[in-house]
Amino acid sequence: QVQVVESGGGLVQAGGSLRLSCAASGSSFSIGAMAWYRQVPRKQRELVARIGSAGSTDDVDFVKGRLTISGDNAKNTVYLQMNRLNPEETATYYCNAAIKGAEVPFYQNYWGQGTQVIVPS
């Protein structure tokens with residue numbers, strides 16, 4: 001079955017950088033799009049950025065120029081490059097992938113378990 005796994009989180013001082021990775025694995029599947037979300041306690045999960053299989057990207061205005069999504073289709077992997085991090089970026093980051101297989105001819109959403117990013121104030 002399909003699995004979506006994030007990695008790359010950790011503790012980074014303000015102004016530092018991280019690169020998060022999200023890899024999808026399984027048999028006989030294709031990916032339509034992948035996205036990064038983040039969530040902090042007592043708040044809703046929010047979209048950070050997303051990328052389509054053709055390479056088109058979208059991100060929220062407040063992370064423009066600091067958080068950049070990219071993908072490697074050959075590896076079924078997306079990345080989130082995080083530069084000049086602020087304490088406000090402290091959150092658990094989740095990967096979402098729209099995936100379909102031969103037996104299911106429509107896209108379904110798969111979530112990873114999350115990777116934590118901590119930026120002390």
Side-chain angles (χ1 to χ4, degrees):
Q1 58 184 3
V2 175
Q3 291 185 324
V4 177
V5 180
E6 307 96 333
S7 62
L11 189 152
V12 179
Q13 298 298 315
S17 299
L18 281 175
R19 190 176 76 160
L20 308 183
S21 299
C22 174
S25 62
S27 300
S28 301
F29 71 92
S30 62
I31 301 173
M34 299 180 75
W36 286 101
Y37 289 74
R38 69 184 183 187
Q39 188 170 23
V40 299
R42 301 180 300 278
K43 293 185 177 180
Q44 295 187 77
R45 189 171 299 182
E46 64 178 356
L47 175 69
V48 177
R50 55 184 152 204
I51 185 169
S53 60
S56 60
T57 61
D58 183 34
D59 54 21
V60 297
D61 290 340
F62 67 86
V63 301
K64 195 75 173 181
R66 297 190 299 109
L67 277 61
T68 303
I69 192 169
S70 62
D72 186 337
N73 287 344
K75 297 180 179 180
N76 292 323
T77 300
V78 295
Y79 307 94
L80 186 67
Q81 180 66 47
M82 311 172 75
N83 296 326
R84 292 180 284 112
L85 284 164
N86 297 321
E88 289 76 15
E89 270 67 72
T90 296
T92 300
Y93 285 73
Y94 295 90
C95 181
N96 175 269
I99 296 174
K100 67 178 181 180
E103 295 81 11
V104 184
F106 53 87
Y107 288 105
Q108 299 185 100
N109 287 326
Y110 292 81
W111 289 96
Q113 294 300 306
T115 185
Q116 189 172 22
V117 173
I118 301 174
V119 185
S121 61

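Sequential numbering from 1 along the given sequence is applied to the chain's residues.
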Q: Please confirm whether K100 makes a cation-pi placement over F106, using NZ or CZ under 6.0 Å from the six-membered ring centre and within 45° of the ring normal.
A: no
Q: Say whether, by atom type as modelled, one donor and one acceptor occur between the side chain of E6 and the main chain of G114 under 3.5 angstrom.
A: yes
Side-chain atoms of residues 26-45: list all donor-acceptor pairs with protein atoms under 3.5 Å, sequence neighbours left out, distances to 0.1 Å.
residue : atom : partner : partner atom : Å
R38     : NE   : E46     : OE2          : 2.8
R38     : NH1  : E89     : OE2          : 3.3
R38     : NH1  : Y93     : OH           : 3.2
R38     : NH2  : E46     : OE2          : 3.3
Q39     : OE1  : R45     : NE           : 3.2
Q39     : OE1  : R45     : NH2          : 3.2
Q39     : NE2  : K43     : O            : 3.3

Q: Treat each ILVMFWY residue as a node, draw an edge where side-chain heavy atoms are under 4.5 Å apart, and state whether V78 and W111 are in one component.
A: no
Q.
Quick check: closest heavy atoms across Q81 and L18, and the distance to 0.1 Å?
A. NE2-O, 3.5 Å
**Q.** Pairwise side-chain contact, L67 with D59, heavy-atom cut-off 4.5 Å (strictly under)
**A.** no
Q: Grab the two heavy atoms, one from P87 and one from P120, that are nearest each other, plus how far apart they are.
A: CG-O, 3.8 Å
Q | pair N83-S17: side-chain heavy atoms closer than 4.5 Å | A | yes
(Q) Could you report the tightest heavy-atom contact between A24 and I99, atom names first, then the distance? (A) CB-CD1, 4.2 Å
Q.
Tell me the closest heavy-atom pair linking S53 and N73, and the distance in Å.
A. O-ND2, 3.0 Å
Q) Within the side chain of R84, is there an N or O that forms a donor-acceptor pair under 3.5 Å with the backbone of G65? A) yes
Q.
Tell me the closest heavy-atom pair linking V4 and A97, and the distance in Å.
A. CG2-CB, 4.1 Å
Q: Provide the closest heavy-atom pair for V60 versus L47 in the form atom of the first, atom of the second, distance.
A: CG1-O, 3.4 Å
Q) Who else is in the cluster with Y79 when I, L, V, M, F, W and Y are joined by side-chain contacts under 4.5 Å? A) none
